[in-house]
Amino acid sequence: MLTLALDASAGTGTVAVLDSGRVLSAAEADLRDRLEDPLLPAVVATIEAADIRVGDLQRVVCGDGPGGFTALRLAGATAKGIVRATGAELWVTPSLALVPAAAERLAPGDYLVLLDALRGECYAARVTVAEERHVTRCEGLPRMTRAAAHDYAMTQQITTIGPDEAGAMRPHARGIARVEWRDGLVRRVLASEWEPSYGRLPEAQVRWETAHRRALPGDGGGA
């Protein structure tokens, strides 16, 4: 089954085209450019490099977050646009699972995956890696400070991994090839209803609600 995978949880857009678990092509895009959309050209180039057409795609898998608000919305909007145009299925997976799944070398075992959540905190998940680096479990944990995360890892006798940890492992869309499609780790969603799991409210919303001392009207995260 031809699959397009997207993830932008750690601020860099990542794209991969897979055929039944085999990565045909992959790319990255710097999302810091606010004047143009840098992700869509990377998607187009990755599809062309796989020697297929966008209409050949049977499903799109998008990293579900948590992560940076703007980047997640961009990846989510791109995924929705493609499935609406092609009729492909839309699936999502926790972005934290894509860190160990995309790693070049990682021994089987449990890991604490950390992504920067700003404000001195980290998004965290306890992830189980089986043989051949396949991720079989991703248990999301509450946001915590990096110190608290390291204390948790020490108590549980597991290793921390992530962009800011030893080894600097980052999530990448190609990791979907090693995420087990069971137990809800990868789930099918409707484009009309799904929104990424941002992990926290966007900064603009926090400032508005602080200034007005009430919830932002109509907040539902809809695109």
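Under the salt bridge (charged side-chain N to carboxylate O under 4.0 Å, His left out) criterion, Glu89 pairs with Arg188, not counting sequence neighbours. Remark: Arg178 pairs with no residue by the side chain to side chain donor-acceptor pair (under 3.5 Å) rule, at least two apart or across chains. For Ser192, the side chain to side chain contact (heavy atoms under 4.5 Å, CB included) criterion is met by Arg84, Leu190, not counting sequence neighbours. By the side chain to side chain contact (heavy atoms under 4.5 Å, CB included) test, Ala125 is found to be paired with Leu96, Val127, Cys138, residues two or more places apart in sequence or in another chain being considered. A search for side chain to side chain donor-acceptor pair (under 3.5 Å) contacts involving Arg170 returns nothing, not counting sequence neighbours. A search for side chain to side chain contact (heavy atoms under 4.5 Å, CB included) contacts involving Ala124 returns Leu112, Leu114, Leu141, Met144, not counting sequence neighbours. Scored by the salt bridge (charged side-chain N to carboxylate O under 4.0 Å, His left out) test, Glu165 finds Arg146 as partners (sequence neighbours excluded). Checked against ring-ring contact (aromatic ring centres under 6.0 Å, His included), Trp91 has the following partners two or more places apart in sequence or in another chain: Trp181.
Smallest separation of non-hydrogen atoms from Leu106 and Pro100: CD2-CB, 3.5 Å. Residue Gly13 comes nearest to Leu39 through the heavy atom pair CA-CD1, 4.0 Å, listed as atom of the first residue, atom of the second, then distance. Between Val54 and Thr86, the shortest heavy-atom distance links the atoms O-CG2, 3.7 Å. In this structure, Val99 and Gly162 approach most closely via the heavy-atom pair CG1-CA, 4.2 Å. The nearest pair of heavy atoms linking Ala16 to Leu18 is O-CD1, 4.0 Å. Contact record, Gly21 with Ala177: O-CB, 3.3 Å, taken as the closest heavy-atom pair.
Residues Leu2 and Ile52 form a side-chain contact, since some pair of their non-hydrogen atoms from C-beta on lies under 4.5 Å apart. A heavy-atom distance below 4.5 Å is found between the side chains of Leu6 and Thr78. With a 4.5 Å cut-off on side-chain heavy atoms, Leu98 and Val179 count as touching. Within the 4.5 Å cutoff, no side-chain heavy atoms of Glu195 are placed close to those of Leu72. Residues Trp194 and Cys62 meet the side-chain proximity criterion, which asks for heavy atoms closer than 4.5 Å. Residues Ile82 and Val43 form a side-chain contact, since some pair of their non-hydrogen atoms from C-beta on lies under 4.5 Å apart. When side chains are defined from C-beta on, Pro66 does not count as touching Leu115, because their heavy atoms never get closer than 4.5 Å. You'll find the side chain of Leu31 reaches within 4.5 Å of the side chain of Leu74, heavy atoms only.
We find the CD-CG distance between Glu193 and Leu90 to be 11.0 Å, quoted to the nearest 0.5 Å. With rounding to the nearest 0.5 angstrom, the OG1 atom of Thr145 is 15.0 Å from the CZ atom of Arg119. Atom CG of Leu24 sits about 5.0 Å away from atom CZ of Arg22, to the nearest 0.5 Å. Rounding to the nearest 0.5 Å gives a distance of 5.0 Å between CZ of Arg143 and CD of Glu121.
Legend: salt bridge (charged side-chain N to carboxylate O under 4.0 Å, His left out) pairs involving residues 149-159, not counting sequence neighbours: none detected. Residue pairs meeting the ring-ring contact (aromatic ring centres under 6.0 Å, His included) criterion with at least one partner in residues 135-179, sequence neighbours excluded, do not occur; the list is empty. Residue pairs meeting the side-chain hydrogen bond (donor to acceptor under 3.5 Å, both in side chains) criterion with at least one partner in residues 92-118, sequence neighbours excluded, are Asp7-Ser95, Asp110-Arg126, Asp110-Thr128, Asp110-Arg137.
With hydrogens and angles ignored, the 3.5 Å screen pairs no side-chain donor or acceptor of Tyr198 with any backbone N or O of Thr70.
Residue Met154 belongs to no hydrophobic cluster, having no ILVMFWY side-chain heavy atom closer than 4.5 Å to its own.
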Taking it one step at a time, do Ile47 and Leu57 satisfy side-chain contact (heavy atoms from CB on, under 4.5 Å)? CA-CA 9 Å; Ile47 291 173; Leu57 294 171; 4.1 Å; yes
Evaluate Thr3 against Val17 for side-chain contact (heavy atoms from CB on, under 4.5 Å), listing each step before the verdict. CA-CA 6 Å; Thr3 300; Val17 172; over 6 Å; no
